[in-house]
Amino acid sequence: MAADQSETGKPSERPQFMFVIHGGAGAISREEMPPDLEKEYRAKLTEALETGYRILNANGSGLDAVEGAIHLMEDSPLFNAGKGAVFTSAGTIELDSSIMDGRTLAAGAVAGVKRIKNPISLARMIMEKSKHVLLVGDGAEAFAKEQGVEMMPEEYFRTERRWQELQRDKEKAEKKPPGEDGKRGTVGAVALDMAGNLAAGTSTGGMTNKRVGRIGDSPIIGAGTYADNQTCAVSGTGDGEYFIRASVAHEISALIGYKGLSVAEAAESALAKANKLGGKGGVIVLGRDGSFAAPFNTSGMYRGHIGPDGKAVVEIYHE
């Protein structure tokens, strides 16, 4: 398991703002990554970081920064969210997302939608314009229509790369050990804004070759997403079933709040709990004091951070 060298310890005073993102954890090998593809990933992650930076640097809210950056990644075919979502076993797309406001503990989430261009924005609408937290399937899409959300034909989400992934996964399904589903690309962001408010969001297409109707941790508050101004903001990526069982995101918050652990210690502990059950993955965690960590127990995790100096730092492998 690894955390970036720059992520350890707590700053002497809280920075004006801080922004951290991830683009998924999994079997990401430096040796197998084509240089051109790595360049594309680094460029898109940098663009997402700069999107959050512009919002936070202009005294925008953490929620706006989280939504804006995830929106950008959902529109990219590189990540397993929105446009680049993976296929179910039936060859369909089912998208999940959630967002949480650390100031009020308000949250919104959506699961199993097929035509929503940007599920993170729908999750925020559910949080702000309904009395509910989680809407799924047809009911979520009906709410989206009422709100004027952009709907896309299912063909919009179909990419040849993801289709070939499904075919390969089906071919080796009988031989593959549980939990080893190759590359993942769930996206997420956590923000601390100038007002001291934390926010977190996550968006995904789930796992390749999943059963129709399967929902992972990404839209589950406390499993894949959590934010509380008193502790931290968290977004996870990995084997969702285990992240749900271990309540990874809330576990990190609880360890910080009740035991006084640092964000790095809490993140490592919660990941270890999921790993003991059999789950692999990673998390990004941002504390109320601006300290952050991005540990993962896979071969790689797309991730990055940016602060008041405007310098975007992007990493993929164990540095």
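Note that the structure is predicted; figures quoted are calculated from it, not measured. These numbers come from the heavy atoms of this one structure, side chains and all, not from hydrogens, waters or symmetry mates.
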Next on the checklist: Checking the side chain of N209 only, and the main-chain atoms of L166 only, is there a donor and an acceptor separated by less than 3.5 Å?
Outcome noted: no
Checklist entry - Do T208 and E165 come within less than 4.5 Å of each other through their side chains, counting heavy atoms only? => result yes
Item to check | Shared hydrophobic cluster, L56 / L72 (ILVMFWY, side-chain heavy atoms < 4.5 Å) | outcome: no
Next on the checklist: Looking at K273 and E251, is there a salt bridge between them, counting it only when a charged N and a carboxylate O are closer than 4.0 Å?
Outcome noted: yes
Checklist entry - Quick one: does S247's side chain have a donor or acceptor within less than 3.5 Å of a partner on A223's backbone? => result no
Checklist entry - Taking E141 for the side chain and R115 for the main chain, is one N or O donor matched with an acceptor at less than 3.5 Å? => result yes
Item to check | F243 vs L271, side chain to side chain contact (heavy atoms under 4.5 Å, CB included): CA-CA, chis, key distance, verdict | outcome: CA-CA 8 Å; F243 274 50; L271 269 188; 3.7 Å; yes
Checklist entry - Within the side chain of N80, is there an N or O that forms a donor-acceptor pair under 3.5 Å with the backbone of V86? => result yes
Item to check | Contacts of N197 that satisfy side-chain hydrogen bond (donor to acceptor under 3.5 Å, both in side chains) - sequence neighbours left out | outcome: N229
Checklist entry - Can you name the closest pair of heavy atoms from P219 and A111 and give their distance? => result CG-CB, 4.1 Å
Checklist entry - Judged by modelled atom types alone, do Y317 and E31 share a side-chain donor-acceptor pair under 3.5 Å? => result no
Next on the checklist: For E128 and R124: C-alpha separation, side-chain torsions, deciding distance, then whether salt bridge (charged side-chain N to carboxylate O under 4.0 Å, His left out) applies.
Outcome noted: CA-CA 6 Å; E128 297 179 339; R124 186 170 180 181; 3.0 Å; yes
Checklist entry - If we only count heavy atoms from C-beta on, is the M125 to F143 side-chain gap below 4.5 Å? => result yes
Next on the checklist: Working to the nearest 0.5 angstrom, can you tell me the gap between F79 CZ and H22 NE2?
Outcome noted: 10.5 Å
Next on the checklist: Could you go through K210 and S89, starting from their C-alpha distance and side-chain angles, then the distance that decides it, and tell me whether this counts as side chain to side chain contact (heavy atoms under 4.5 Å, CB included)?
Outcome noted: CA-CA 6 Å; K210 66 183 180 181; S89 59; over 6 Å; no
Next on the checklist: Looking at D228 and R288, is there a salt bridge between them, counting it only when a charged N and a carboxylate O are closer than 4.0 Å?
Outcome noted: no
Next on the checklist: Measuring centre to centre across the rings, with the benzene-like ring taken for any Trp, is F292 within less than 6.0 Å of H305?
Outcome noted: yes
Next on the checklist: Side chains of S98 and T202 only: does a donor on one sit below 3.5 Å from an acceptor on the other?
Outcome noted: no
Checklist entry - Run the salt bridge (charged side-chain N to carboxylate O under 4.0 Å, His left out) check on K259 and E265 step by step: do they pass? => result CA-CA 11 Å; K259 297 190 70 173; E265 292 168 336; over 6 Å; no
Item to check | Side chain S299, main chain G26, donor-acceptor under 3.5 Å | outcome: yes
Next on the checklist: Using modelled atom types and a 3.5 Å cut-off, is there a donor and acceptor pairing between side-chain atoms of D101 and backbone atoms of R103?
Outcome noted: yes
Checklist outcome for this item: One should read off an interatomic distance between N297 CG and N275 CG, to the nearest 0.5 angstrom, of 4.5 Å
Checklist entry - Rounded to the nearest 0.5 Å, what separation is found between the CD1 atom of I256 and the OG atom of S291? => result 7.5 Å
Next on the checklist: Before you tell me yes or no, could you show the steps for F87 and I93 under side chain to side chain contact (heavy atoms under 4.5 Å, CB included), namely the whole-Å CA-CA distance, both residues' side-chain angles and the distance that decides it to 0.1 Å?
Outcome noted: CA-CA 5 Å; F87 287 91; I93 297 292; 4.0 Å; yes
Item to check | Closest approach of A25 to G282 (non-hydrogen atoms, all atoms of both residues) | outcome: CB-N, 4.0 Å
Item to check | Non-neighbouring partners of V133 that pass side-chain contact (heavy atoms from CB on, under 4.5 Å), sequence neighbours left out | outcome: A107, I221
Checklist entry - Ring centroid separation for F296 and H318, is it under 6.0 angstrom? => result yes
Checklist entry - Between R14 and Q16, what is the shortest heavy-atom contact and its length? => result NH1-O, 3.6 Å
Item to check | Test log, rule salt bridge (charged side-chain N to carboxylate O under 4.0 Å, His left out), inputs E74 and K83 | outcome: CA-CA 6 Å; E74 286 175 336; K83 173 67 175 173; over 6 Å; no
Item to check | Carboxylate-amine/guanidinium contact R42 E38, below 4.0 Å | outcome: yes
Item to check | Non-hydrogen side-chain atoms of V190 and V66 separated by less than 4.5 Å | outcome: no
Next on the checklist: Please report the interatomic distance CZ(R303) to OG(S235), rounded to the nearest 0.5 Å.
Outcome noted: 14.5 Å
Checklist entry - Under a 4.5 Å side-chain heavy-atom rule over Ile, Leu, Val, Met, Phe, Trp and Tyr, are I126 and I120 clustered together? => result no
Item to check | Nearest non-hydrogen partners of P34 and E32, listed with the distance | outcome: CD-O, 3.2 Å
Using a 3.5 Å cut-off and no angle test, enumerate the donor-acceptor pairs between side-chain atoms of residues 146-160 and protein atoms at least two apart in sequence or in another chain.
unit_1 : atom_1 : unit_2 : atom_2 : d
T159   : OG1    : R162   : N      : 3.4
E160   : OE2    : Q164   : NE2    : 2.5

Checklist entry - Looking only at atom types and distance, does a side-chain atom of D239 sit under 3.5 Å from a main-chain N or O of E241, one as donor and one as acceptor? => result no
Item to check | 4.5 Å side-chain heavy-atom contact, V313 and I306 | outcome: no
Checklist entry - If you look at every heavy atom in E268 and P295, which pair is closest and at what distance? => result OE2-CB, 3.7 Å
Next on the checklist: Go through it in stages, so that I can follow the logic: the residues are D217 and V248, the test is side chain to side chain contact (heavy atoms under 4.5 Å, CB included), and I'd like the CA-CA distance, side-chain angles, deciding distance and then a yes or no.
Outcome noted: CA-CA 9 Å; D217 63 306; V248 168; over 6 Å; no
Item to check | Same cluster (ILVMFWY, side-chain, under 4.5 Å), L95 and V110 | outcome: yes
Item to check | 4.5 Å side-chain heavy-atom contact, I252 and Y226 | outcome: no
Checklist entry - Any side-chain heavy atom of T46 sitting closer than 4.5 Å to one from E50? => result yes
Checklist entry - Distance only, no hydrogens: is a donor on one side chain within 3.5 Å (strictly under) of an acceptor on the other, for E94 and T88? => result no
Item to check | Side chain proximity check, Y41 to L78, heavy atoms < 4.5 angstrom | outcome: yes
Checklist entry - Could you give the distance from OG (S29) to CD1 (I316), rounded to the nearest 0.5 Å? => result 11.5 Å
Checklist entry - Minimum heavy-atom separation for A189 to I21, with atom names? => result CB-CG2, 3.9 Å
Checklist entry - Side chains of I55 and F19: does their closest heavy-atom pair fall under 4.5 Å? => result no
Next on the checklist: Are L192 and I284 connected into the same hydrophobic cluster when the rule is that any two of I, L, V, M, F, W, Y join if their side-chain heavy atoms are below 4.5 Å apart?
Outcome noted: yes
Item to check | S218 backbone acceptor or donor facing D96 side chain under 3.5 Å | outcome: no
Item to check | Donor-acceptor contact present, side-chain N57 to main-chain P308, <3.5 Å | outcome: no
Next on the checklist: Applying a strict under-4.5 Å side-chain criterion to I, L, V, M, F, W and Y, I'd like to know whether I70 and L63 cluster together.
Outcome noted: yes
Item to check | Gap between atom OG of S253 and atom CG of L261 - 0.5 Å precision | outcome: 12.0 Å
